[in-house]
Visitor: 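Dumping the structure here so I can ask a few things about it.
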Amino acid sequence: MSDDNRNCEVCQKSAPLQCSACKAAFYCTVEHQKQHWKEHKAPCKRTRQIREPHSWSLGLDKEGEKYEWFTDCYRLKLDDDYALRGELNGLYSGSDDIFNDFLVFCKLSVKRRAVPPEWDWTAFLTKAATLVNYAFEKSDATEKYGSENIFAAAVGGRSLRYTASQIFLDFSENDDVRFDLEDLASDLDLDDSEDWEFASGFFVDVGGSEPWKMFQMLLDSAR
(Lines give C-alpha, C1' and ligand atoms only; values in the text may rest on other atoms or scores of the structure.)
Protein backbone atom coordinates (compact mmCIF):
# COMPACT_ATOMS: atom_id res chain seq x y z
CA MET A 1 0.00 0.00 0.00
CA SER A 2 1.41 3.40 -0.98
CA ASP A 3 1.40 6.38 1.36
CA ASP A 4 -1.13 8.04 -0.96
CA ASN A 5 -3.70 5.44 0.07
CA ARG A 6 -3.08 5.82 3.79
CA ASN A 7 -5.11 8.42 5.64
CA CYS A 8 -4.33 9.82 9.06
CA GLU A 9 -6.79 8.62 11.71
CA VAL A 10 -7.03 12.18 13.05
CA CYS A 11 -7.06 14.56 10.06
CA GLN A 12 -7.40 12.22 7.03
CA LYS A 13 -4.27 13.64 5.41
CA SER A 14 -1.69 11.37 3.76
CA ALA A 15 -0.15 9.27 6.52
CA PRO A 16 3.41 7.94 6.24
CA LEU A 17 3.47 6.68 9.84
CA GLN A 18 2.02 3.33 10.91
CA CYS A 19 1.09 1.94 14.32
CA SER A 20 3.98 -0.45 14.99
CA ALA A 21 1.84 -2.69 17.20
CA CYS A 22 -1.21 -3.55 15.08
CA LYS A 23 -0.07 -2.30 11.65
CA ALA A 24 -3.65 -1.19 10.99
CA ALA A 25 -3.69 2.53 11.87
CA PHE A 26 -1.85 5.36 10.12
CA TYR A 27 -0.86 8.92 11.04
CA CYS A 28 0.59 11.98 9.39
CA THR A 29 2.65 12.97 12.45
CA VAL A 30 3.80 11.54 15.76
CA GLU A 31 1.68 14.20 17.48
CA HIS A 32 -1.51 12.90 15.86
CA GLN A 33 -0.56 9.34 16.76
CA LYS A 34 -0.19 10.32 20.42
CA GLN A 35 -3.42 12.32 20.27
CA HIS A 36 -5.31 9.31 18.92
CA TRP A 37 -3.87 6.70 21.30
CA LYS A 38 -6.67 6.82 23.88
CA GLU A 39 -9.21 5.98 21.17
CA HIS A 40 -6.96 3.53 19.34
CA LYS A 41 -5.74 1.54 22.37
CA ALA A 42 -8.66 -0.92 22.58
CA PRO A 43 -8.98 -1.75 18.83
CA CYS A 44 -5.19 -1.97 18.62
CA LYS A 45 -5.21 -4.66 21.31
CA ARG A 46 -8.04 -6.58 19.61
CA THR A 47 -6.27 -6.52 16.25
CA ARG A 48 -3.05 -7.82 17.80
CA GLN A 49 -4.94 -10.62 19.54
CA ILE A 50 -6.63 -11.69 16.32
CA ARG A 51 -3.25 -11.95 14.60
CA GLU A 52 -1.67 -14.06 17.33
CA PRO A 53 -1.50 -17.82 16.64
CA HIS A 54 -3.46 -18.41 19.85
CA SER A 55 -6.29 -16.11 18.75
CA TRP A 56 -8.38 -19.21 17.96
CA SER A 57 -9.28 -19.29 21.68
CA LEU A 58 -11.03 -15.90 21.65
CA GLY A 59 -14.72 -16.43 22.39
CA LEU A 60 -14.35 -19.98 23.67
CA ASP A 61 -15.26 -19.10 27.22
CA LYS A 62 -17.30 -22.06 28.45
CA GLU A 63 -15.54 -24.45 30.81
CA GLY A 64 -13.49 -26.96 28.85
CA GLU A 65 -14.56 -25.57 25.47
CA LYS A 66 -11.13 -24.39 24.38
CA TYR A 67 -9.48 -27.62 25.55
CA GLU A 68 -11.85 -29.71 23.46
CA TRP A 69 -11.47 -27.45 20.41
CA PHE A 70 -7.68 -27.61 20.55
CA THR A 71 -7.75 -31.40 20.92
CA ASP A 72 -10.03 -31.53 17.89
CA CYS A 73 -7.48 -29.43 16.03
CA TYR A 74 -4.97 -32.19 16.69
CA ARG A 75 -7.44 -34.95 15.80
CA LEU A 76 -8.43 -33.38 12.47
CA LYS A 77 -4.76 -32.90 11.67
CA LEU A 78 -4.25 -36.66 12.18
CA ASP A 79 -7.07 -37.45 9.77
CA ASP A 80 -5.68 -35.00 7.22
CA ASP A 81 -2.23 -36.59 7.62
CA TYR A 82 -3.77 -39.91 6.63
CA ALA A 83 -6.31 -38.79 4.01
CA LEU A 84 -4.31 -36.03 2.31
CA ARG A 85 -0.67 -36.90 2.94
CA GLY A 86 -0.71 -40.67 3.39
CA GLU A 87 0.92 -40.43 6.83
CA LEU A 88 0.05 -42.58 9.84
CA ASN A 89 0.46 -40.67 13.08
CA GLY A 90 -1.01 -40.88 16.57
CA LEU A 91 -4.13 -43.06 16.66
CA TYR A 92 -3.62 -44.04 13.01
CA SER A 93 -0.19 -45.45 13.83
CA GLY A 94 -1.38 -47.45 16.84
CA SER A 95 -2.26 -46.75 20.45
CA ASP A 96 1.39 -46.82 21.54
CA ASP A 97 2.12 -43.73 19.41
CA ILE A 98 -0.66 -41.52 20.80
CA PHE A 99 1.23 -40.23 23.83
CA ASN A 100 4.41 -39.26 21.97
CA ASP A 101 2.61 -37.79 18.97
CA PHE A 102 0.32 -35.65 21.13
CA LEU A 103 3.32 -34.53 23.19
CA VAL A 104 5.08 -33.34 20.04
CA PHE A 105 1.92 -31.49 18.98
CA CYS A 106 1.76 -29.73 22.35
CA LYS A 107 5.43 -28.78 22.45
CA LEU A 108 5.26 -27.43 18.89
CA SER A 109 2.12 -25.49 19.82
CA VAL A 110 3.99 -23.80 22.65
CA LYS A 111 6.96 -22.96 20.44
CA ARG A 112 4.66 -21.54 17.74
CA ARG A 113 2.63 -19.52 20.30
CA ALA A 114 -0.60 -21.38 19.56
CA VAL A 115 -1.25 -22.11 23.24
CA PRO A 116 -3.16 -19.25 24.91
CA PRO A 117 -1.88 -17.57 28.09
CA GLU A 118 -2.97 -19.08 31.42
CA TRP A 119 -3.38 -22.54 29.93
CA ASP A 120 -4.39 -25.22 32.44
CA TRP A 121 -2.43 -28.27 31.32
CA THR A 122 -4.09 -30.61 33.80
CA ALA A 123 -7.59 -29.65 32.61
CA PHE A 124 -6.50 -29.79 28.98
CA LEU A 125 -4.89 -33.23 29.20
CA THR A 126 -7.82 -34.59 31.19
CA LYS A 127 -10.15 -33.57 28.36
CA ALA A 128 -7.72 -34.69 25.65
CA ALA A 129 -7.46 -38.18 27.15
CA THR A 130 -11.17 -38.69 26.48
CA LEU A 131 -10.82 -37.76 22.80
CA VAL A 132 -7.45 -38.72 21.31
CA ASN A 133 -8.35 -42.41 21.08
CA TYR A 134 -11.08 -41.62 18.56
CA ALA A 135 -10.86 -40.49 14.93
CA PHE A 136 -12.20 -37.07 13.94
CA GLU A 137 -12.91 -36.25 10.30
CA LYS A 138 -13.91 -33.02 8.56
CA SER A 139 -17.54 -34.16 8.56
CA ASP A 140 -17.30 -34.50 12.34
CA ALA A 141 -15.86 -30.98 12.59
CA THR A 142 -18.64 -29.57 10.41
CA GLU A 143 -21.31 -31.30 12.46
CA LYS A 144 -19.77 -30.23 15.75
CA TYR A 145 -18.80 -26.65 14.97
CA GLY A 146 -21.09 -25.77 12.08
CA SER A 147 -18.29 -25.41 9.55
CA GLU A 148 -14.60 -25.98 8.96
CA ASN A 149 -13.16 -23.46 6.53
CA ILE A 150 -9.45 -22.72 6.61
CA PHE A 151 -10.13 -19.24 5.20
CA ALA A 152 -12.32 -18.30 8.19
CA ALA A 153 -9.20 -17.25 10.10
CA ALA A 154 -8.51 -14.53 7.53
CA VAL A 155 -11.65 -12.68 8.64
CA GLY A 156 -11.20 -13.13 12.37
CA GLY A 157 -12.84 -16.53 12.72
CA ARG A 158 -11.30 -19.82 13.76
CA SER A 159 -10.36 -22.90 11.79
CA LEU A 160 -9.00 -26.20 13.06
CA ARG A 161 -6.99 -26.68 9.89
CA TYR A 162 -5.62 -23.14 9.85
CA THR A 163 -4.41 -23.43 13.45
CA ALA A 164 -2.77 -26.77 12.65
CA SER A 165 -1.05 -25.21 9.64
CA GLN A 166 0.41 -22.51 11.90
CA ILE A 167 1.70 -25.10 14.34
CA PHE A 168 3.17 -27.31 11.63
CA LEU A 169 4.33 -24.47 9.32
CA ASP A 170 1.98 -25.54 6.52
CA PHE A 171 3.37 -29.08 6.94
CA SER A 172 6.77 -28.07 5.60
CA GLU A 173 9.20 -30.86 4.79
CA ASN A 174 11.98 -28.68 6.20
CA ASP A 175 10.66 -28.18 9.74
CA ASP A 176 13.78 -29.13 11.70
CA VAL A 177 12.19 -28.11 15.01
CA ARG A 178 9.39 -30.62 14.53
CA PHE A 179 11.75 -33.36 13.39
CA ASP A 180 14.04 -32.82 16.38
CA LEU A 181 11.08 -32.98 18.77
CA GLU A 182 9.82 -36.17 17.14
CA ASP A 183 13.25 -37.77 17.54
CA LEU A 184 13.51 -36.72 21.18
CA ALA A 185 9.98 -37.89 21.97
CA SER A 186 10.59 -41.27 20.32
CA ASP A 187 13.58 -41.78 22.63
CA LEU A 188 11.54 -41.24 25.80
CA ASP A 189 11.35 -44.26 28.09
CA LEU A 190 8.74 -43.63 30.79
CA ASP A 191 8.24 -46.98 32.46
CA ASP A 192 8.83 -45.95 36.08
CA SER A 193 9.30 -42.95 38.39
CA GLU A 194 13.05 -42.82 37.76
CA ASP A 195 12.43 -42.53 34.02
CA TRP A 196 9.97 -39.68 34.60
CA GLU A 197 12.42 -37.87 36.85
CA PHE A 198 15.20 -38.25 34.29
CA ALA A 199 12.95 -36.88 31.51
CA SER A 200 11.30 -34.13 33.58
CA GLY A 201 13.12 -31.34 31.74
CA PHE A 202 11.40 -32.32 28.50
CA PHE A 203 8.02 -31.44 30.00
CA VAL A 204 8.82 -28.05 31.53
CA ASP A 205 7.26 -26.00 28.72
CA VAL A 206 4.08 -28.12 28.60
CA GLY A 207 2.95 -27.93 32.21
CA GLY A 208 5.55 -30.18 33.82
CA SER A 209 5.66 -33.94 34.07
CA GLU A 210 2.80 -34.46 36.56
CA PRO A 211 -0.09 -33.68 34.16
CA TRP A 212 1.56 -35.93 31.57
CA LYS A 213 1.87 -38.80 34.05
CA MET A 214 -1.87 -38.46 34.58
CA PHE A 215 -2.44 -38.30 30.80
CA GLN A 216 -0.47 -41.50 30.30
CA MET A 217 -2.46 -43.29 33.01
CA LEU A 218 -5.75 -42.14 31.52
CA LEU A 219 -4.69 -43.38 28.08
CA ASP A 220 -3.60 -46.74 29.50
CA SER A 221 -6.88 -47.16 31.36
CA ALA A 222 -8.87 -46.49 28.18
CA ARG A 223 -7.17 -49.30 26.22
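Note that these values count all heavy atoms, side chains included, but never hydrogens, waters or copies made by symmetry. Residue indices begin at 1 and follow the sequence shown. Computed from a prediction, not measured in an experiment: that's the story for all the values here.
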Visitor: With no hydrogens and no angle check, is any side-chain donor or acceptor of Ser57 less than 3.5 Å from a backbone partner on His54?
Guide: yes
Visitor: Could you tell me the separation between the CD atom of Glu87 and the OG atom of Ser93, rounded to the nearest 0.5 Å?
Guide: 11.0 Å
Visitor: Would you find a donor on one side and an acceptor on the other, under 3.5 Å apart, between the side chain of Asn7 and the backbone of Ser14?
Guide: no
Visitor: Check whether Phe198 and Leu190 end up in the same hydrophobic cluster, where Ile, Leu, Val, Met, Phe, Trp and Tyr are linked by side-chain heavy atoms less than 4.5 Å apart.
Guide: no
Visitor: Check the surroundings of atom CD in Glu39: do more than 12 heavy atoms from other residues, nucleotides or ligands lie under 6.0 Å from it?
Guide: no
Visitor: I need the Glu210 CD to Ser200 OG distance, nearest 0.5 Å.
Guide: 10.0 Å
Visitor: Which heavy atom of Cys19 sits nearest a heavy atom of His40, and at what distance?
Guide: SG-NE2, 3.5 Å
Visitor: Assess whether atom OH of Tyr82 is packed by more than 12 heavy atoms of other residues, nucleotides or ligands within 6.0 Å.
Guide: no
Visitor: Using the rule that two of Ile, Leu, Val, Met, Phe, Trp, Tyr join whenever any of their side-chain heavy atoms come within less than 4.5 Å, decide whether Phe124 and Val110 are in one cluster.
Guide: yes
Visitor: Just checking, is any N or O donor in the side chain of Asp72 or Tyr145 under 3.5 Å from an acceptor N or O on the other one?
Guide: yes
Visitor: Would you give the length of the straight line joining atom CG of Leu108 to atom CG of Asp175, rounded to the nearest 0.5 angstrom?
Guide: 6.0 Å
Visitor: Heavy atoms only: give me the nearest Lys138-Arg161 pair and the separation to one decimal.
Guide: CD-NH1, 3.5 Å
Visitor: Around atom NZ of Lys144, are there more than 12 heavy atoms from other residues, nucleotides or ligands closer than 6.0 Å?
Guide: yes
Visitor: Is it the case that the side chain of Asp195 and the backbone of Asp191 share a donor-acceptor pair, with hydrogens and angles ignored and the cut-off at 3.5 Å?
Guide: yes
Visitor: Between Glu65 (side chain only) and Lys62 (backbone N and O only), is there a donor and an acceptor less than 3.5 Å apart?
Guide: yes
Visitor: Are side-chain heavy atoms of Val206 and Phe203 found at a separation under 4.5 Å?
Guide: yes
Visitor: What verdict does the side chain to side chain contact (heavy atoms under 4.5 Å, CB included) test give for Lys66 and Asp61, after you've listed the backbone C-alpha separation in whole Å, the side-chain angles of each residue and the deciding distance to 0.1 Å?
Guide: CA-CA 7 Å; Lys66 59 186 175 183; Asp61 301 323; over 6 Å; no
Visitor: Keeping Trp212 on the side-chain end and Trp196 on the backbone end, is there a donor-acceptor pair under 3.5 Å?
Guide: no
Visitor: Test of understanding: clusters of I, L, V, M, F, W, Y form through side-chain heavy atoms closer than 4.5 Å, transitively. Do Leu181 and Leu169 belong to the same one?
Guide: no
Visitor: Would you call Cys11 and Cys28 a side-chain contact if the rule is heavy atoms closer than 4.5 Å?
Guide: yes
Visitor: Quick check, are the ring centers of Phe102 and Phe215 under 6.0 angstrom apart?
Guide: yes
Visitor: Is any side-chain heavy atom of Arg6 less than 4.5 Å from a side-chain heavy atom of Pro16?
Guide: no
Visitor: Backbone N or O of Ala114 within a donor-acceptor pair of the Gln166 side chain at under 3.5 Å?
Guide: no
Visitor: On the six-membered ring of Phe105, is Lys77 placed so that its NZ or CZ lies under 6.0 angstrom from the centre and within 45° of the ring axis?
Guide: no
Visitor: So, do Phe99 and Leu103 sit near enough that their side-chain heavy atoms are less than 4.5 Å apart?
Guide: yes
Visitor: Step by step, work out the side-chain hydrogen bond (donor to acceptor under 3.5 Å, both in side chains) result for Tyr92 and Asp79.
Guide: CA-CA 8 Å; Tyr92 293 78; Asp79 190 72; 2.7 Å; yes
Visitor: Output all residues satisfying side chain to side chain contact (heavy atoms under 4.5 Å, CB included) with Glu182, sequence neighbours left out; order by chain, then residue number.
Guide: Val104, Arg178, Phe179
Visitor: For the atom pair CG (Asn89) and CG (Asp81), what is the distance rounded to the nearest 0.5 Å?
Guide: 5.0 Å
Visitor: Check whether any side-chain heavy atom of Arg158 lies under 4.5 Å from a side-chain heavy atom of Thr163, and answer yes or no.
Guide: no
Visitor: Considering only distance and modelled atom types, tabulate donor-acceptor pairs under 3.5 Å from the side chains of residues 115-122, sequence neighbours left out.
Guide:
| from | atom 1 | to | atom 2 | distance (Å) |
| --- | --- | --- | --- | --- |
| Asp120 | OD1 | Thr122 | N | 3.1 |
| Asp120 | OD1 | Ala123 | N | 3.0 |

Visitor: Tell me if a side-chain donor or acceptor on Asp180 pairs with a main-chain N or O of Val177 at a distance below 3.5 Å.
Guide: no
Visitor: Are Arg75 and Asp80 within salt-bridge range, i.e. N to O under 4.0 Å?
Guide: no
Visitor: Indicate if Leu218 and Leu125 have the same hydrophobic cluster label, given that clusters are the connected sets of ILVMFWY residues with side-chain heavy-atom separations under 4.5 angstrom.
Guide: yes
Visitor: What I'd like to find out is whether the side chain of Trp69 reaches to under 4.5 Å of the side chain of Leu160, using heavy atoms alone.
Guide: yes
Visitor: For the OG atom of Ser221 and the CD atom of Gln216, what is their distance to the nearest 0.5 Å?
Guide: 11.0 Å
Visitor: If hydrophobic clusters are built by linking Ile, Leu, Val, Met, Phe, Trp and Tyr wherever their side-chain heavy atoms come under 4.5 Å apart, do Met217 and Leu188 end up in the same one?
Guide: no
Visitor: What residues form a side chain to side chain donor-acceptor pair (under 3.5 Å) with Lys107, not counting sequence neighbours?
Guide: Asp205
Visitor: Are Val132 and Leu219 packed together at the side-chain level, in the sense that at least one heavy-atom pair is separated by less than 4.5 angstrom?
Guide: yes
Visitor: Between Trp56 and Phe70, does the ring centroid distance fall short of 6.0 Å?
Guide: yes
Visitor: With a 4.5 Å heavy-atom cut-off, do Leu91 and Asp97 have their side chains touching?
Guide: no
Visitor: Is any side-chain N of the basic residue among Glu31 and Lys34 closer than 4.0 Å to the acidic one's carboxylate O?
Guide: no
Visitor: Distance check, rounded to the nearest 0.5 Å: Cys106 atom SG versus Lys111 atom NZ?
Guide: 13.0 Å
Visitor: How about CD on Gln12, more than 12 heavy atoms from neighbouring residues, nucleotides or ligands closer than 6.0 Å, or not?
Guide: yes
